[in-house]
> 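One structure, pasted below without further comment.
Along the sequence shown, the residues carry numbers beginning at 1.
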Amino acid sequence: MREGIIARNPCQIPGAGTVPVAERPVATPAQVVALVDAINPRYRTAVLIAAWCGLRRGEIAGLRVSDVDLTEHTITVRKARVEPLHAPGQAFDKDPKSHAGKRTIVIPPHVVPLVRLHLEQYAGTDRLFVSRDGTPLRGNTLYQAFVRARKKVGLDDLTFHDLRHTGQTLAAQTGATLADLMKRLGHSSMAAARRYLHAVDGRDREIAKALSELAAHGDVARLPRHITMRS
């Protein structure tokens, strides 16, 4: 096939080349609040943006003040901060991996006041997140602050990236479609976003209950328009 003699490999093994992804922990909204309370106030909004807007750590570090629109309640991802392991101290901003990575995300209403407070008290003149000396926030600085916070609240197995996973799982539970999740996560492939849809599996019990209610009264118009997940 490599030499162009045949069009495709005749030896196809179902499932070959697919590496199972281990399930990651998902924080509850209450646990997110606990983390926000436990972390250094300078980084509280970073936790909220990761958990409720689904941004990666590099995307958070790359945000500019101009990327936040408090009138429209949105955050626009334009760049990501990169810190090469082979070249410590040589951080730089670059475009997201794909065109889908450049996106505008609506901030949940309950997060907006904290973003506004951060802008007033902790943001730099240009960058949304800065270190105490005003230099661009380093990913390791945020990571170390997060590690201390998670230890305080007993969430040692939760990584900062799991906050992104948490936000998208919660979004799936609200009824977000695959296309919705792809846009919010900044994924260009369905496979990357599909993993978050496993969160809606628990809705089947609620669906079954709604079907029984339909059978009881036979009036489709009386069914609820939305099925609410119960925690």
> Scan Leu158, Leu35, Val36 and name whichever one has a side-chain contact (heavy atoms from CB on, under 4.5 Å) with Val153.
Leu35
> Kindly indicate, with the supporting measurements, whether the criterion side-chain contact (heavy atoms from CB on, under 4.5 Å) is fulfilled by His118 and Arg44.
CA-CA 8 Å; His118 179 88; Arg44 285 174 175 169; over 6 Å; no
> Any chance CG of Asp157 has more than 12 other-residue heavy atoms, nucleotides or ligands included, within less than 6.0 Å?
no
> Same cluster for Leu114 and Leu70 if Ile/Leu/Val/Met/Phe/Trp/Tyr side chains link at under 4.5 Å?
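Cluster IDs for Leu114 and Leu70 match.
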> Quick check on the hydrophobic clustering: are Val111 and Leu119 connected, directly or via other members, by side-chain heavy-atom contacts under 4.5 Å?
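The answer is yes; both residues are in one hydrophobic cluster.
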> State, to 0.1 Å, how close Val130 and Ala123 come at their nearest heavy-atom pair, and which atoms those are.
CG2-C, 4.4 Å
> On a heavy-atom basis, which atom in Ala46 and which in Ile60 lie closest, and how many Å separate them?
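Here Ala46 and Ile60 meet closest at O-CD1, 3.5 Å.
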> With rounding to the nearest 0.5 Å, note down the distance linking CD in Gln168 to CH2 in Trp52.
11.0 Å
> Where the side chain of Thr159 meets the backbone of Asp162, is there a donor-acceptor pair that is under 3.5 Å apart?
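Such a contact is found between Thr159 side chain and Asp162 backbone.
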> Using 30° and 60° as the class limits, which term best fits the ring planes of Phe146 and Phe160: parallel, tilted or perpendicular?
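Judged by the thresholds at 30° and 60°, the geometry between Phe146 and Phe160 is perpendicular.
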> Hey, what do you get for CG (Leu163) to NE2 (His161), rounding to the nearest 0.5 Å?
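Going from CG on Leu163 over to NE2 on His161, the span is 10.0 Å.
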> At their closest point, which heavy atom of Leu63 faces which heavy atom of Thr76, and how far apart are they?
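Minimum heavy-atom contact is CD2-O, 3.7 Å.
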> Let me confirm one number: the CD1-NZ distance from Ile105 to Lys183, rounded to the nearest 0.5 Å.
7.5 Å
> Per the salt bridge (charged side-chain N to carboxylate O under 4.0 Å, His left out) rule, which among Lys79, Arg81, Arg103 passes with Glu59?
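Going through Lys79, Arg81, Arg103 one by one, the salt bridge (charged side-chain N to carboxylate O under 4.0 Å, His left out) with Glu59 is satisfied by Arg103 alone.
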> Is there a side-chain contact between Arg148 and Ile39 (heavy atoms, below 4.5 Å)?
no
> Determine the minimum heavy-atom distance between Leu181 and Ala171, stating which atoms define it.
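Of all heavy-atom pairs spanning Leu181 and Ala171, the closest is CD2-CB, 3.9 Å.
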> Determine, stepwise, if the pair Asp37 / Val33 fulfils side-chain contact (heavy atoms from CB on, under 4.5 Å).
CA-CA 6 Å; Asp37 288 341; Val33 171; 3.8 Å; yes
> When rounded to the nearest 0.5 angstrom, what is the spacing between NZ in Lys102 and CG in Asp95?
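So the NZ of Lys102 and the CG of Asp95 are separated by 3.5 Å.
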> To the closest 0.5 Å, what do you measure between CG (Leu117) and OG1 (Thr45)?
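Those atoms lie 7.0 Å apart.
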> Is the side chain of Thr141 donor-acceptor paired with the backbone N or O of Leu137 at a distance under 3.5 Å, no angle test?
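Side chain of Thr141 to backbone of Leu137, a donor-acceptor pair under 3.5 Å: no, none is there.
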> Using the rule that Ile, Leu, Val, Met, Phe, Trp and Tyr join whenever any side-chain heavy atoms are under 4.5 Å apart, tell me whether Val112 and Val65 fall into a single cluster.
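Yes: a chain of side-chain contacts under 4.5 Å links Val112 to Val65.
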> So, for Tyr122 and Arg42, which heavy atoms are closest and what is the spacing to 0.1 Å?
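Tyr122 and Arg42 have their closest heavy atoms at O-NH1, 3.8 Å.
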> Rounded to the nearest 0.5 Å, what separation is found between the CZ atom of Arg184 and the SG atom of Cys53?
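Rounded to the nearest 0.5 Å, the CZ-SG separation comes to 5.5 Å.
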> To check you understand the geometry: which heavy-atom pair defines the closest contact between Ile75 and Leu55, and what is its length?
CG2-CD2, 4.4 Å
> Mind jotting down which residue pairs meet the side-chain hydrogen bond (donor to acceptor under 3.5 Å, both in side chains) criterion with at least one end in residues 62-72? Sequence neighbours excluded, please.
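Sorted result for residues 62-72: Arg64-Asp93, Arg64-Asp126, Asp67-Arg78.
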